[in-house]
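Below is one structure, written out as structure tokens, with a few remarks after it.
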Protein chains: 2
Amino acid sequence: MTASPSESAYPTAPSTVPGVEAIVAEMTDAIHEHRIQPGAKLREDELGDIFNVSRTLVRQALHKLEHSGLVTIQRNRGAFVAKPSIKEAREVFEARALLEPQTARAAAERASAQDIECLEKHIEDEHAAIHRNEMGLALKLSGDFHLEIARIADQDTIEAFLRQLISRSSLVIALYWRRRNAICESHAHHALIDALRDGDCNSAEELMKGHLLDIFSQLDLRDRPDGAASLKEALKR
Amino acid sequence: MTASPSESAYPTAPSTVPGVEAIVAEMTDAIHEHRIQPGAKLREDELGDIFNVSRTLVRQALHKLEHSGLVTIQRNRGAFVAKPSIKEAREVFEARALLEPQTARAAAERASAQDIECLEKHIEDEHAAIHRNEMGLALKLSGDFHLEIARIADQDTIEAFLRQLISRSSLVIALYWRRRNAICESHAHHALIDALRDGDCNSAEELMKGHLLDIFSQLDLRDRPDGAASLKEALKR
DNA sequence: TGGGCAAAAATTGTATACGATTTCCCCCAA
DNA sequence: TTGGGGGAAATCGTATACAATTTTTGCCCA
């Protein structure tokens, strides 16, 4: 009888080494902040040198990143920063539109004073980043804001999905954003905080729905996604 | 500049070997069909012996299964078939309730005659399994039915999420189902097919919502699950 | 000059080896 | 009898070695 305790397990238990998680976190940040462009190749031993670990751990990290949608792995060809198609871009925001308004509503029902404080700090950091003109960082913090709401709603499962969706949103924005300024810098997040503080579920839900539509409407989803083809020829030779 | 073509990539490209995928598929089936119980320990070299591969590939497979929510990995302690908590069980069905009705609606708008045929075949197989008293197989087929609807809706992103949710639903049912009979055997799936055939979006959406509530209401989410498990025989035929 | 082909280099895929941690079992003392 | 070491065995984590595949390079010839 090969039985085992196996604790009733929460989302993703502390399953992997700090080593792997550190690599994943660092690469996630780099991609979220657009310091690595969609389509960039990620060589295993190159990353191994950078992080001073063997390819084994790099591979684990790349597989995790693939799962989160930030990286695409092609057999025998290697890993690349993902390059969402237009269809995928649409799907990402459609899925967010299904999940987030309801989550904001739940968060409004549960938010504590401490939670509100935390959200306000997020916004401060975001504004600070914008004023320093670090738009990549600002975008990442803006994504974290949405994740924080899922955390407040105490919805681990949806939070995990949102983590993936927000990651991919970052890539979508890198590829399809129209203007390089004014990223979520609108008052939308402020208004959301107000609704959460007041426990106004209906407002929170509606504000989130509108906010997502607003972001989506600022994407330019007509062009060809493969700017790489022309870009590559322009740069390569 | 390390640019690269990197095809605009769809959900999960053919990234991993047939070897790993075969292991994942076989174990997924075994867990879905309840041939391995929640909490069962999954030793790496034991699985390596069973599938005649090295631990390297087994580890890859286990990590993939962890991503899909079927397996829990604890550092230095090993992998176990996941054992969703009651909270997680609730969350899984809440998330399904957010995603599936809308997906059924979209499917109703797009379903072709061929799609309908495919769904009907699914139901036939499911009934056949029930009559042979293979309840595990029937349950798995029932899950596949829901996935098929997402495929018809042409929503790759949501389909990927649903795959995880349905996997976990299978575990939830293994742990918390009240009566061992009558799994989704209701007319719900038949009614859904009718709505899809008629292109009746509203009905499809409502039927799906009701169907999910119906399943959820048959769970007993008060007890504390604690089961031991035997492995080995369930996998290799 | 440009295309095509073959060999070399680079890169990824898989297996194995070894160190680290946990688990199990036996023995002994209270 | 029971509870607690302590060491051996089992198991997992990471690095390295080698095989398979792809990509690049260099050469020849039209």
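In what follows, every chain begins at residue 1, and chains take the letters A, B, ... in the order their sequences are listed.
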### Parallel, tilted or perpendicular: rings of B:F161 and A:F161 (30°, 60°)
parallel
May I ask you to evaluate whether [X] reaches the phosphate of [N], defined as a side-chain N or O under 4.0 Å from OP1 or OP2?
{"X": "A:R77", "N": "D:dT23", "value": "yes"}
{"X": "B:R75", "N": "D:dT14", "value": "yes"}
{"X": "A:R59", "N": "C:dG13", "value": "yes"}

Between [atom2] of [N] and [atom1] of [X], the distance in whole Å:
{"X": "A:D49", "N": "D:dA15", "atom1": "CG", "atom2": "C1'", "result": "14 Å"}
{"X": "B:E46", "N": "D:dA10", "atom1": "CD", "atom2": "P", "result": "13 Å"}
{"X": "B:F80", "N": "C:dT22", "atom1": "CZ", "atom2": "C1'", "result": "11 Å"}
{"X": "A:R43", "N": "D:dT21", "atom1": "CZ", "atom2": "C1'", "result": "16 Å"}
{"X": "B:E44", "N": "C:dT23", "atom1": "CD", "atom2": "P", "result": "14 Å"}
{"X": "B:E66", "N": "D:dC12", "atom1": "CD", "atom2": "P", "result": "14 Å"}
{"X": "B:Q74", "N": "D:dT11", "atom1": "CD", "atom2": "C1'", "result": "14 Å"}
{"X": "A:K41", "N": "C:dT11", "atom1": "NZ", "atom2": "C1'", "result": "6 Å"}

#### Entry: Shortest non-hydrogen contact from A:P38 toward A:A82
CB-O, 3.4 Å
#### Entry: Selection from D:dT14, C:dA15, D:dT21 that lies nearest to any side-chain heavy atom of B:L57
C:dA15
### Query
Roughly how far apart are A:E134 CD and A:E33 CD, rounded to 0.5 Å?
8.0 Å
## Note on the structure
The residue among A:H122, A:H32, A:H189 that forms side chain to side chain contact (heavy atoms under 4.5 Å, CB included) with A:S142 is A:H189
### Query
Mapping A:T56 and A:A79 to their closest nucleotides on DNA chain C, which lands nearer the 5' end?
A:A79
